[in-house]
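Encoded as structure tokens, the structure appears first; notes follow it.
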Amino acid sequence: MCRAASLLTHLQGCNSMRRLRKIHAQVIVNGLLSNPAVSAKLLAFCATSAAGDLSYSRLLFSHLPPPLHLDHWNSLIRGSSRGPAPIDSLRLYNAMARSSSVSRPDAVTFSFLLKACERSKATAKCREAHGSIVRIGFSSSVIVCTNLTRCYAENGLIDDSRKMFDEMPERDLVSWNSMIACYCRAGLHEEALKIYDKMRVLGVGLDEFTAVGLLSSCAHVGALNFGIQVQEFAEKNGFLGRNIYVGNALVDMYAKCGSLDGARQVFDRMRRRDGFTWNSMIVGLGVHGHGDEAISFFDRMLMAGLRPNSVSFLGLLMGCSHQGLVGEGIKYFQLMNSEFNLQPDLKHYGCMVDMFGRAGELEKALEVIRSSPCSADPVLWRTLLSACKIHKKVEMGETAFENLSHLSAHNAGDCALLAGIYAGVGDSQGVARMRKLVKDQGIKTTPGWTWIEVHGEVRKFVVGDTSHPDTKEIYEKLKEMISRAASLGSAEERSKVQPSKEDAAVEGLENGGDCHSEMLAIAFGLMKTSEETSLRIAKNLRVCKDCHSLTKMVSKIYGREIIVRDRVRFHHFKGGSCSCSDYW
DNA sequence: ATAGGGTTAG
């Protein structure tokens with residue numbers, strides 16, 4: 001027994017597998033493998049410590065003399081749940097249930113099992129575990145219930161997740177933060193932000209995790225004012241100084257909400273910066289079209305001794321393509337692999353196609369697609385197609401479209417683009433062919449939507465939206481916008497309010513003539529906010545030409561700054577012009 | 001003794 005005690009002490013201080021193997025040998029030599037305290041320690045080290053070895057733990061486990069204890073199973077289930085094959089945890093759990101060695105799992109077992117279900121997307125097992133948890137009587141455990149909430153959400157069952165959350169007997173701060181994170185990951189940002197109100201009403205407190213989750217949702221929907229409120233409580237509690245996640249999330253939030261100044265201010269104040277901090281700035285500058293500044297931050301990142309990753313390069317390439325920095329784009333695209341051994345992915349190729357395409361170098365854009373490993377991805381052909389629309393290149397446009405057809409990937413937007421190209425060169429038969437194609441094949445459109453934050457509330461508008469209680473007022477305002485733009489504008493501007501022939505063709509295909517969601521959001525914003533307030537909106541599609549010109553006019557007529565984040569970049573409208581210089 | 005939460009890109 002004295003031998004066992006000494007071995008346990010050794011195990012306590014064990015920090016490598018090399019040492020562990022020696023101790024393991026001693027355990028066997030001394031016949032102590034049947035001592036549950038000793039074997040549990042051995043297993044726990046191999047299966048769960050950072051210096052451990054999961055496969056060794058399995059080997060060890062399979063050689064343990066019966067009876068096995070719950071600790072043994074739990075160690076293994078825990079180790080697997082964090083490892084490369086979380087599904088093994090489910091198998092182990094099943095094996096434990098079948099074996100007679102353990103009468104029943106405990107709350108800790110379920111924590112690990114649910115983590116594994118979360119990671120391996122095991123929806124059925126999640127439901128089954130839920131049943132067992134209720135039956136065995138762990139449904140009063142905050143930790144287990146929070147795990148269930150997360151597990152459901154991660155399996156795409158956000159309603160079940162919320163139901164679980166609502167029905168748990170008590171909720172602590174972790175539960176609340178988890179619910180925010182679940183909504184955020186599910187893309188339900190309005191819901192995530194609503195949780196904050198509830199938390200405040202109930203006085204559950206707020207911490208760094210709350211701040212980060214909320215900021216991520218603010219970033220996604222462009223809710224700057226909400227984000228500023230989060231910063232206020234973060235500052236008040238000193239989160240910013242001691243937690244890098246908070247600073248990073250703030251930098252990202254400001255950049256994504258169109259406030260590069262805000263992003264820079266937080267960035268400058270941060271004492272410590274990591275890859276996320278730099279990347280958030282680089283990507284932020286990139287999507288705003290400030291390729292040159294993105295490059296300078298990239299250089300500073302290198303000087304600070306940080307290694308860029310593929311996200312850093314994505315930011316650089318976005319900046320280069322939006323700013324038309326073709327030479328730099330080529331340089332960094334090559335540097336990515338030659339200096340940093342990073343493989344470009346679809347997104348990087350997309351930037352290159354976009355960069356060449358928009359610069360009018362369509363042959364080079366085509367070459368990028370052909371030489372890339374992603375030439376079977378519709379996104380690249382679609383990017384080329386948009387470039388062909390800008391440059392009115394019928395033949396290349398048809399090539400791009402044919403490739404989309406071969407991939408069975410052409411959608412209504414693609415048809416509209418090609419129709420627009422035909423219309424641009426006065427080929428009305430081509431336009432008619434596209435119309436027919438859309439009609440005959442019943443090709444579906446991507447529904448467009450726009451978010452706008454007004455007085456701390458995030459509103460979502462869809463194309464032709466009539467679901468809001470103030471719909472009538474909104475459409476009245478819209479009418480006013482259009483008529484003021486038409487009557488006050490110059491002859492040139494007037495022609496833009498009346499959609500040009502080519503855009504009429506596109507719009508007709510795209511959304512059946514319904515009103516674009518962003519114009520509804522802008523009308524709503526004008527209606528609900530005072531005169532100097534900037535409007536910040538985020539949308540899922542790219543800004544169309546009509547909306548772009550109308551927004552420019554509105555910014556002049558109403559004296560408002562309007563900041564629009566579309567699917568690929570930012571547009572800052574002010575005094576009748578846009579930061580993209582009409583090049584997007 | 002063993003349990004739960006966060007950031008960029010997708």
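Computed from a predicted model, the values in this text were never measured in an experiment. Letters go in sequence order (proteins before strands), and every chain restarts at 1.
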Residue A:His220, side-chain heavy atoms: nucleotide from B:dG6, B:dA3, B:dT8 that is nearest: B:dT8

Distance in angstrom units between A:Trp176 CH2 and B:dG6 P, rounded: 18 Å

Whole-Å gap separating C1' (B:dT2) and NZ (A:Lys41): 9 Å

Proximity to the side chain of A:Asp172 - top-ranked nucleotide from B:dT8, B:dT7, B:dG4: B:dG4

Nearest-Å distance for atom pair NZ/P, residues A:Lys256 and B:dG10: 8 Å

Candidate nucleotides B:dT7, B:dT8, B:dG4, ranked by approach to the side chain of A:Ser280 - the nearest: B:dT8

Nearest to side-chain heavy atoms of A:Leu314, which nucleotide of B:dG10, B:dA3, B:dT8: B:dG10

Residue A:Asn147, side-chain atoms from C-beta onward, closest of B:dA9, B:dT2, B:dG4: B:dG4

Distance test, side-chain N/O of A:Ser216 to OP1/OP2 of B:dT8, below 4.0 Å: yes

Donor-acceptor pair (no angle test) under 3.5 Å: A:Asp345 side chain, B:dG10 base: no

Inter- and intrachain pairs under salt bridge (Lys or Arg N to Asp or Glu O under 4.0 Å), touching residues 285-297 of chain A, at least two apart: A:Arg264-A:Glu293

N/O (side chain, A:Lys115) to phosphate O (OP1/OP2, B:dT2) under 4.0 Å: no

Side chains of A:Arg162 and A:Tyr183, donor plus acceptor under 3.5 Å: yes

Without placing hydrogens or testing angles, list every side-chain donor-acceptor pair under 3.5 Å for residues 336-343 of chain A, not counting sequence neighbours.
from	atom 1	to	atom 2	distance (Å)
A:Asn337	ND2	A:Leu342	O	3.4
A:Ser338	OG	A:Gln334	O	3.1

Nucleotide nearest A:Tyr245 (side chain, heavy atoms from C-beta), chosen from B:dA9, B:dT2, B:dG6: B:dG6

Distance in angstrom units between A:Phe340 CZ and B:dA9 C1', rounded: 18 Å

Sugar-phosphate only, base, or nothing, as touched by A:Ser175 at under 4.0 Å among non-hydrogen atoms: base

Ion pair check, A:Glu154 and A:Arg185, cut-off under 4.0 Å: yes

Sugar-phosphate, base or nothing in reach of A:Phe112, heavy atoms under 4.0 Å: sugar-phosphate

Touch class at under 4.0 angstrom, heavy-atom based, for A:Asp252 against every strand present: sugar-phosphate

Minimum-distance nucleotide to A:Asn243 side chain [options: B:dT2, B:dG6, B:dA3]: B:dG6

Between A:Ser280 and A:Asn248, a side-chain donor and acceptor under 3.5 Å: no

Between P of B:dG4 and NE2 of A:His130, the distance in whole Å: 19 Å

Whole angstrom value for the distance that separates C1' of B:dA3 from CG of A:Leu76: 16 Å

Interatomic distance where CZ belongs to A:Arg565 and P belongs to B:dA9 [whole Å]: 9 Å

Phosphate contact (B:dA9 OP1 or OP2) by A:Lys347 side-chain N/O below 4.0 Å: no

Nucleotide nearest A:Phe209 when distance is taken to its side chain, options B:dT2, B:dG6, B:dG4: B:dG6

Ionic contact status for A:Glu328 with A:Lys331, cut-off 4.0 Å: no

Nucleotide of B:dA3, B:dT7, B:dA9 approaching A:Asn248 most closely (side-chain heavy atoms): B:dT7

Sugar-phosphate, base or nothing in reach of A:Val142, heavy atoms under 4.0 Å: base

A:Arg150 vs B:dG6: side-chain N/O to OP1/OP2 distance below 4.0 Å: yes

Nucleotide nearest A:Ser111 when distance is taken to its side chain, options B:dA3, B:dA9, B:dT7: B:dA3

Residues A:Arg91, A:Asp88: salt bridge by 4.0 Å N-O rule: yes

Separation of B:dG6 C1' from A:Leu173 CG (nearest whole Å): 12 Å

